[in-house]
Amino acid sequence: MFLLLRLTRVEADPPIAHPDGRQAYELRVEGIAKAHEARNAAAFGSFQTNPVDNYQFWRAQSPVWVYPLSWFMRLFGAGYAQLRTFSVLGSLLGLLGLLAFARLRLGTSWAALAGLIALINSYEIFFARSALLEPTVNSWMTLTALCSVLAFRNHYWAIAAQVCLCATILTKQTGLVLVPLVLGVTVLSVVSARRRGAAWSWASLASFVAAAGALFAYSRTPAYMRALTWNWGHMLLRKTQVKEVDVGDLRPEALLQRFLDTERLKILTLYVFPGAFLFVMIALVFALLRIRAQRRLTPWDGVLFAWLASALGAVMVTEQLERRFFLIVLPPLALITASALHDLYELVKTRGRVVVLSYAATVMVVGSLLLTHGKFYLKWYREPTYVTRDTNAWVQEKIGNRKAVVVGFWAGPFVFDTPFVYYYVKEYFNTDRRAIKQLGVTHVLYREPRGKTEGILDKRFPNWKKKARNLGTRRVWGKHRVVLYELTEPWG
């Protein structure tokens, strides 16, 4: 069912808006941007098809995503269906990890409930099928948490947790929020192993130091520093022209304001996961009761709540409110909800109360999720659109059987499924007049109303339309249209 929900109508457009009503352009453009270099490698044999192209961003920042994706596309083709399938398979890895994590304490039935909560979440469904990084990041985080719990049984699992953490960070820098968790688990597992007299008890600590050193050395490379600097400005400062990472730019009052922002909590509790924090409080009460009874914090509880705190910290500290950044909290919230319902059931069962109350609470949780997310999914399923697929076909038909290089604000989504090369021209990527000339552009997919790319092109080459041939106009999303121009002579 997991694959069916995410891969049915694989060529259909994602929804135009999220369940909360916010425009969902990120579903249409972000996944394509992050697959740009992988597509180049699969379709043209090189991650960088032109030495001038400086949109070489994701291979340095997210090698654990880009390189496997390029291999997958080389095997199965460089198109939308392949990209979406790869992303969904990465998300499936997280579901399996979540089921294994839940089963360690809750048993098979309640683990299935945790899996069901993640299974039917429409944010996760559409982010996964749109090939955004966040579902795969969640998968690596879930495996990191799973290995962290198992490390208290055998300290070698701490090494596995470190490997998964490295994979998380090298998929997206958000993974850095789990560094304190894995460090704490590593130290505690070493202490426990030494008390048991286990062989090589120090191995996991040594591997952590080695991994940290390797990641630090990699982070100092020019390509990674470029990505790190961009993300520092974009995610934490909402600035695009940041030249260096300066911690002093983060003002404490600004951070405090974000943590007190009720809009973020509203998004989490009303849309991403209805009633989430009610179950967090219930699960917290039961965890405290277990601490009182056992006189210690169980590894399962400790890892789970530390994971949730880390995920919430990542959501609250960022300047951005795009919905994909909220997805990081879904796996721990699903586990905590299942844990709370499990403990409620055990409480009424052992005290001879009416067990039907526990079942009713479980049905209410699943029902509220289905009402929020299932209804939204069914609406999309019943009214599919294929603008992206059909526009790709239209572009290929208009250009014909020839080599072409296309630029435009929406060149990525509307050229991805064609045999043509496209380049990003935005912010400080490929915006220099000389660089644009050297890209060898043959066609412009011009958005109307004008986007950032079109503004840059019009500024760099004011009269370019007079020397271009209009191949046609096509309406795409909302009130937007794209006009395909063929350059009759190179830009000069």
Side-chain angles (χ1 to χ4, degrees), residues 29 32-60 66 78 222-223 226-227 229-230 234 240-243 391-392 394-474 476 480-492:
V29 301
I32 301 304
K34 293 162 179 60
H36 176 62
E37 293 150 282
R39 174 191 183 262
N40 284 346
F44 308 111
S46 175
F47 289 103
Q48 188 176 21
T49 55
N50 188 313
V52 176
D53 176 24
N54 71 350
Y55 193 72
Q56 300 297 303
F57 189 75
W58 297 103
R59 183 162 39 116
V66 173
R226 180 168 170 259
T229 303
W230 165 265
H234 179 62
T240 57
Q241 301 299 325
V242 176
K243 296 182 179 180
T391 305
N392 272 265
W394 175 79
V395 168
Q396 187 166 350
E397 177 189 356
K398 290 295 182 181
I399 293 179
N401 187 22
R402 51 163 290 187
K403 291 184 178 181
V405 176
V406 187
V407 296
F409 189 76
W410 281 335
F414 294 142
V415 182
F416 191 87
D417 235 358
T418 73
F420 310 129
V421 175
Y422 67 87
Y423 294 111
Y424 283 95
V425 178
K426 62 178 184 176
E427 276 87 33
Y428 63 73
F429 298 109
N430 300 319
T431 58
D432 180 74
R433 175 185 169 90
R434 182 182 301 177
I436 296 174
K437 288 169 61 177
Q438 293 176 349
L439 289 176
V441 177
T442 63
H443 294 77
V444 177
L445 194 63
Y446 197 92
R447 192 187 84 164
E448 294 180 348
R450 190 171 79 166
K452 293 180 181 178
T453 301
E454 290 72 26
I456 293 169
L457 297 178
D458 290 346
K459 183 179 179 179
R460 298 289 186 267
F461 309 97
N463 300 314
W464 71 270
K465 287 184 184 178
K466 296 179 181 179
K467 302 177 182 180
R469 187 160 62 100
N470 187 327
L471 298 183
T473 301
R474 185 178 181 84
V476 286
H480 293 100
R481 301 182 304 165
V482 289
V483 184
L484 183 61
Y485 290 97
E486 179 182 6
L487 302 184
T488 56
E489 60 181 71
W491 273 329

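For the numbers below, each heavy atom of this structure counts, side chains included, while hydrogens, waters and symmetry mates do not. The structure displayed is predicted, hence computed values, not measured ones.
- Distance check: Lys426 NZ to Ile456 CD1 gives 10.0 Å after rounding to the nearest 0.5 Å.
- With rounding to the nearest 0.5 angstrom, the CD atom of Glu37 is 5.5 Å from the CZ atom of Arg59.
- Looking at residues two or more places apart in sequence or on another chain, you find a ring pair (Phe, Tyr, Trp, His ring centres under 6.0 Å) between Tyr422 and His36, Tyr424.
- Among all heavy-atom pairs drawn from Asn50 and Gln438, the shortest one is ND2-O, 3.0 Å.
- Looking at heavy atoms from C-beta onward, Gln396 lies in side-chain contact with Pro419 at the 4.5 angstrom threshold.
- Take Phe429 and apply the ring pair (Phe, Tyr, Trp, His ring centres under 6.0 Å) test, not counting sequence neighbours, and it matches Tyr55, Phe57, Trp230.
- Heavy atoms only, all atoms of each residue included: Arg39 and Ala78 are closest at CG-CB, 4.3 Å.
- Within the 3.5 Å criterion, the main-chain N or O of Val425 finds a donor-acceptor partner in the side chain of Thr453.
- Contact annotation: the side chain of Val407 approaches that of Leu457 to within less than 4.5 Å [non-hydrogen atoms, C-beta and beyond].
- Contact check for Tyr423 versus Val441: no side-chain heavy atoms found under the 4.5 Å cut-off.
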Chi angles and distances behind the side chain to side chain contact (heavy atoms under 4.5 Å, CB included) call for Thr442, Lys403: CA-CA 9 Å; Thr442 63; Lys403 291 184 178 181; over 6 Å; no
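- Between the side chain of Asn430 and the backbone N or O of Ile436 there is no donor-acceptor pair closer than 3.5 Å.
- With values rounded to the nearest 0.5 angstrom, Ile399 atom CD1 is found 9.0 Å from Trp394 atom CH2.
- Interatomic distance, OG1 of Thr488 versus NZ of Lys466, reported as 13.0 Å (0.5 Å rounding).
- At a threshold of 4.5 Å between non-hydrogen side-chain atoms, the residues Leu471 and Arg469 count as touching.
- One N or O on the side chain of Gln48 and one on the backbone of Asp53 form a donor-acceptor pair closer than 3.5 Å.
- With a 4.5 Å cut-off on side-chain heavy atoms, Asn54 and Arg226 count as touching.
- Remark: Lys467 is not positioned above the aromatic ring of Tyr485, lacking an NZ or CZ atom under 6.0 angstrom from the ring centre and at most 45 degrees off the axis.
- A heavy-atom distance below 4.5 Å is not found between the side chains of Val406 and Val444.
- Side-chain contact check for Val482 versus Glu448: every heavy-atom pair is 4.5 Å or farther apart.
- Counted within 6.0 Å of CZ on Arg434, heavy atoms from surrounding residues, nucleotides or ligands total 12 or fewer; the atom is thus considered open.
- No donor-acceptor pair under 3.5 Å is formed between the side chain of Arg481 and the backbone N or O of Arg474.
- The two residues Gln56 and Phe47 have their closest heavy-atom pair at OE1-O, 3.4 Å.
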Side-chain donor-acceptor distances from residues 409-418 under 3.5 Å, at least two apart:
from, atom 1, to, atom 2, distance (Å)
Asp417, OD1, Tyr80, N, 3.2
Thr418, OG1, Val415, O, 2.7
Thr418, OG1, Phe420, N, 3.3

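- Considering only heavy atoms from C-beta on, Tyr446 stays 4.5 Å or farther from Leu484 through its side chain.
- With rounding to the nearest 0.5 angstrom, the CZ atom of Arg460 is 5.5 Å from the OG1 atom of Thr431.
- Side-chain atoms of Asp432 come within 3.5 Å of backbone N or O of Ala435 as a donor-acceptor pair.
- Shown here for Ala404 and His443, the closest heavy-atom pair between the two residues is CB-ND1, 3.8 Å.
- Ion pairing between Lys459 and Glu454 fails under the 4.0 Å rule for side-chain N and carboxylate O.
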